[in-house]
Protein chains: 2
Amino acid sequence: MSQIEEIADVLKLLGDKNRLTIVALLNEKELCVCEIVDILHTSQPNISQHMRKLKDGGLVKEAKRGQWVYYSLTVQDKPYIAEILKQLPSQKVKINQLVCEENECCS
Amino acid sequence: MSQIEEIADVLKLLGDKNRLTIVALLNEKELCVCEIVDILHTSQPNISQHMRKLKDGGLVKEAKRGQWVYYSLTVQDKPYIAEILKQLPSQKVKINQLVCEENECCS
DNA sequence: TGATTATATAATTATTTACTTATTAATAAA
DNA sequence: TTTATTAATAAGTAAATAATTATATAATCA
């Protein structure tokens, strides 16, 4: 695959509102699937499938701990993604809301 | 539309091999439709439709001169696109090949 | 004027995509 | 061991997308 094609595929991954929001969230801290489901208000299988695409595209990695799977960004090798992340609004509020509902998920 | 949604839409535009190549080409110099058709080896309507999407997304502008329509980039307001352009391989060779076949198109 | 060239638009098709629902697997807790 | 909880997978569906083919518009030129 050509270099342009590879970059186009990465941008296609980020060209989806839900996936771009997930990446913005993970830019604040690693999160487990159920936390992302909570924040994005969509179904667990939907998020699970988005995470697989992001993983296949090399943008995130997973770490299983207990019954939870935590995802984190692996975009250090792609400087243009850092620039995109700078443009995205802070997700701190959403992350903090999670902490306030600790008994709901992943606590 | 949210800020994340707007950026996702731009990235979706760039997340197509043909459109990303067009943007890389226009980063070298403005081009008319028939030149882009020549370089990308696809049909004129196909390119025309990609150009409309890029225009609707605010990434290019058009300038009609004679029977030709020249397109150029309008991405000054989006710094993250500059960073993406830096990662793309140079299109100078393709542009120069165009010049060598001057009697074919847009000459 | 009529022919040619450049581009856009319309309609169609095939493929891809995001999402839902249902099910499975794995871990943990009662 | 039964019951929850977390996450992944499979199957199905509806919508979006890229490309093709055919046609229309507009400018230039003989």
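Naming convention: chains lettered A, B, ... in sequence-line order (proteins, then strands); numbering from 1 in each chain.
- Residue B:W68 contributes atom CH2, which lies 11 Å from atom P of C:dT5 at whole-angstrom precision.
- Protein atom CD of A:Q67 is 5 Å distant from nucleotide atom C1' of C:dA28, rounded to whole Å.
- Residue-to-nucleotide proximity on DNA chain C shows that, of A:K12 and A:G66, the 5′-proximal contact is made by A:K12.
- One can place CG of B:D16 at 13 Å from P of C:dT16, the figure rounded to the nearest angstrom.
- Per the geometry, CG belonging to B:L14 stands 16 Å off C1' belonging to D:dT17, to the nearest Å.
- Identified under the salt bridge (charged side-chain N to carboxylate O under 4.0 Å, His left out) test for residues 7-26 of chain B, with sequence neighbours left out: A:E5-B:K17.
- Between B:Y71 and C:dA8 there is a side-chain N or O to OP1 or OP2 distance below 4.0 Å.
- Between B:Q44 atom CD and C:dT9 atom C1' there is a gap of 10 Å when expressed in whole angstrom units.
- Look at B:S43 and you won't find any side-chain N or O under 4.0 angstrom from OP1 or OP2 of D:dA22.
- Side-chain contact between A:L11 and B:I84 is present, with at least one heavy-atom pair separated by less than 4.5 Å.
- Counting heavy atoms from C-beta outward, B:M51 and B:S48 have side chains that stay 4.5 Å or more apart.
- Take B:K64 and apply the side chain to side chain contact (heavy atoms under 4.5 Å, CB included) test, not counting sequence neighbours, and it matches B:V69.
- Within residues 45-61 of chain B, the residues having any heavy atom under 4.0 Å from DNA chain C are, by residue number, B:P45, B:S48, B:Q49, B:R52.
- A salt bridge is defined here as a Lys NZ or Arg NE, NH1 or NH2 lying under 4.0 Å from an Asp or Glu carboxylate O, and B:E30 with B:R65 meets this definition.
- When distances are taken from the side chain of A:C32 to each of D:dT17, C:dA8, D:dA7, the shortest belongs to D:dA7.
- One finds the CG atom of A:L14 at 5.0 Å from the CD1 atom of A:I81 (value rounded to the nearest 0.5 Å).
- Using a 4.0 Å heavy-atom cutoff across all strands shown, B:R19 reaches sugar-phosphate atoms only and no base atom.
- When the P atom of C:dT27 is taken as reference, atom OH of A:Y70 falls 16 Å away, rounded to whole Å.
- Between the C1' atom of C:dT20 and the NE2 atom of A:H41 lies a distance of 18 Å, rounded to the nearest Å.
- Comparing C:dC19, D:dT20, C:dA26 by their nearest atom to the side chain of A:K64 picks out C:dA26.
- The closest side-chain heavy-atom distance from A:Y80 to A:V10 is below 4.5 Å.
- To the nearest angstrom, C1' of C:dT7 lies 14 Å from CD1 of B:I22.
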